[in-house]
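A short write-up of the structure that comes next.
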Amino acid sequence: MYERMLNKQATPTIEEMAEFCGENSEEFSLLNEWLKSAFNTEQKIVFPYGNKYGWGVAHKNKNKLICNVFAEENAFTVMMRLSDKQYKAVYHQLQKYTQECIDNRYPCGDGGWIHYRVTCNEHFDDIKTLLSVKCS
C-alpha cells in the first residue's frame with residue numbers, strides 16, 4: 001500500500017508518475033500544474049534522499065526548494081518545511097488529519113518538515129493551503 005517508484009535505473013515521465021498515482025492521478029497532475037502556474041516553480045524529476053523516497057517532482061523557485069511531490073500507488077506525498085509561524089497561521093483551518101501531520105512534524109530550527117500523504121480531495125485542499133502559505 002502506497003508503494004513508491006523505487007527503480008532508480010528508469011527515470012519516469014511526469015505522465016508515468018501521475019498514472020502510478022492511480023485514483024489520485026488527477027490531483028497529482030493538478031498540484032504540479034498549480035505550483036508551476038501560481039508560483040512559477042521550476043519542476044524537475046528527482047530521486048533524492050536515498051532509496052526509500054523514490055521518484056518525485058522537486059519544485060523550486062529561484063533555487064529555493066518549495067517541496068517534493070513523491071508519486072505513490074493510489075496517492076502521493078508532499079514533503080515540505082514551514083516555520084512554526086506559517087503552520088500556526090492556518091492550523092485551525094485544516095482537517096484533523098493535517099493537524100496531526102503538523103503536530104508530528106520532524107523539527108528543524110524554527111518549524112519543521114512534514115510528509116503529507118494526499119489520498120482524497122480534502123487532503124488536496126489542505127496541501128494547497130499549506131503550499132500557499134509557504135509561497136507567500
Side-chain angles (χ1 to χ4, degrees):
M1 187 177 217
Y2 305 124
E3 293 174 22
R4 294 197 177 176
M5 301 179 87
L6 299 175
N7 182 359
K8 197 172 189 175
Q9 307 309 314
T11 305
T13 64
I14 295 251
E15 294 78 17
E16 290 169 333
M17 292 171 79
E19 187 178 317
F20 189 76
C21 294
E23 60 197 41
N24 284 288
S25 63
E26 185 177 353
E27 288 81 1
F28 177 86
S29 296
L30 287 172
L31 185 70
N32 285 298
E33 291 167 16
W34 175 74
L35 282 164
K36 186 176 180 179
S37 64
F39 302 108
N40 198 33
T41 63
E42 280 184 42
Q43 297 181 26
K44 184 177 180 184
I45 297 174
V46 295
F47 196 101
Y49 316 119
N51 293 333
K52 76 175 190 166
Y53 286 88
W55 288 103
V57 181
H59 286 271
K60 292 185 176 185
N61 187 306
K62 299 179 183 174
N63 292 327
K64 177 184 175 190
L65 180 66
I66 303 301
C67 68
N68 285 295
V69 184
F70 294 100
E72 296 179 339
E73 190 174 337
N74 291 318
F76 59 93
T77 291
V78 178
M79 188 178 98
M80 63 184 293
R81 182 190 181 285
L82 291 176
S83 70
D84 288 333
K85 183 178 178 182
Q86 289 170 315
Y87 283 125
K88 193 174 188 176
V90 293
Y91 186 84
H92 293 290
Q93 302 168 28
L94 304 170
Q95 303 276 331
K96 183 173 176 53
Y97 168 81
T98 310
Q99 291 175 346
E100 288 173 2
C101 283
I102 293 169
D103 293 344
N104 295 308
R105 67 188 173 270
Y106 181 81
C108 178
D110 171 34
W113 291 88
I114 61 169
H115 293 249
Y116 189 81
R117 179 169 286 130
V118 176
T119 61
C120 63
N121 284 331
E122 290 80 14
H123 298 166
F124 183 72
D125 293 340
D126 276 3
I127 197 60
K128 283 179 69 177
T129 298
L130 289 170
L131 287 164
S132 292
V133 169
K134 169 88 176 182
C135 295
S136 297

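We use all heavy atoms of the structure for the numbers below, so side chains are in, but hydrogens, waters and symmetry mates are not.
Counting heavy atoms from C-beta on, the side chains of I102 and L130 come closer than 4.5 Å. For the pair C67 and K134, the minimum side-chain heavy-atom distance is 4.5 Å or more. Between S29 and E33 the shortest side-chain heavy-atom distance falls below 4.5 Å.
Separation of the F76 and F20 ring centroids does not fall under the 6.0 Å cut-off.
Counting heavy atoms of neighbouring residues, nucleotides and ligands inside a 6.0 Å radius, atom OH of Y91 exceeds 12 of them.
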Set out, in order, the CA-CA distance, both residues' side-chain angles and the distance that settles side-chain contact (heavy atoms from CB on, under 4.5 Å) for V118 and L31, then state yes or no.
CA-CA 11 Å; V118 176; L31 185 70; 5.7 Å; no
Could you walk me through whether V57 and L35 pass side-chain contact (heavy atoms from CB on, under 4.5 Å), step by step?
CA-CA 11 Å; V57 181; L35 282 164; over 6 Å; no
Does M79 form a side-chain contact (heavy atoms from CB on, under 4.5 Å) with Y49? I'd like the steps, not just the answer.
CA-CA 11 Å; M79 188 178 98; Y49 316 119; 3.4 Å; yes
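What you find for A75 and C21 is that their closest heavy atoms are O-SG, 3.2 Å. The two residues A58 and L65 have their closest heavy-atom pair at CB-CD1, 4.3 Å. In this structure, H59 and N32 approach most closely via the heavy-atom pair NE2-OD1, 2.6 Å. The nearest pair of heavy atoms linking M80 to I127 is SD-CD1, 3.8 Å. Across all their heavy atoms, I66 and C135 have their closest contact at CG2-SG, 3.6 Å. The nearest pair of heavy atoms linking T98 to L94 is CG2-CD1, 3.7 Å.
Applying the side chain to side chain contact (heavy atoms under 4.5 Å, CB included) criterion to D125, with sequence neighbours excluded, gives no partner residue. The salt bridge (charged side-chain N to carboxylate O under 4.0 Å, His left out) search around K96 returns E100, not counting sequence neighbours. Under the side chain to side chain contact (heavy atoms under 4.5 Å, CB included) criterion, Q86 pairs with L82, S83, V133, not counting sequence neighbours. Residues forming a ring-ring contact (aromatic ring centres under 6.0 Å, His included) with Y2 (at least two apart in sequence, or on another chain): none. Qualifying side chain to side chain contact (heavy atoms under 4.5 Å, CB included) partners for K44, counting only residues two or more places apart in sequence or in other chains: V46.
Proximity of a side-chain donor or acceptor of Y87 to a complementary backbone N or O of G112 within less than 3.5 Å is detected. Within the 3.5 Å criterion, the main-chain N or O of D110 finds no donor-acceptor partner in the side chain of D84. One N or O on the side chain of D126 and one on the backbone of Q95 form a donor-acceptor pair closer than 3.5 Å.
A distance of 11.0 Å separates CD1 of I114 from CG of N104, quoted to the nearest 0.5 Å. Rounding to the nearest 0.5 angstrom, the gap separating the NZ atom in K52 from the CZ atom in F70 is 10.5 Å. If you take OG1 on T41 and CH2 on W34, they are separated by 9.5 Å, rounding to the nearest 0.5 Å. Going from atom NZ of K62 over to atom CD of E42 covers 11.5 Å, rounded to the nearest 0.5 Å. Here the straight-line distance linking atom CG of L30 with atom NZ of K128 works out to 7.5 Å at 0.5 Å rounding.
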Going by atom type alone, with no hydrogens or angles, which donor-acceptor pairs under 3.5 Å involve a side-chain atom of residues 4-17 and a protein atom two or more places apart or on another chain?
from	atom 1	to	atom 2	distance (Å)
R4	NE	E72	OE2	2.9
R4	NH1	Y53	O	3.1
R4	NH2	E72	OE2	3.1
N7	OD1	Q9	N	3.0
T13	OG1	E15	N	3.4
T13	OG1	E15	OE1	3.4
T13	OG1	E16	N	3.0
E16	OE1	T13	N	2.9

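Across H123, R117, E122, a single residue satisfies side chain to side chain donor-acceptor pair (under 3.5 Å) together with T119, and that is H123.
No chain of hydrophobic side-chain contacts below 4.5 Å, direct or via other Ile, Leu, Val, Met, Phe, Trp or Tyr residues, connects L131 to W113.
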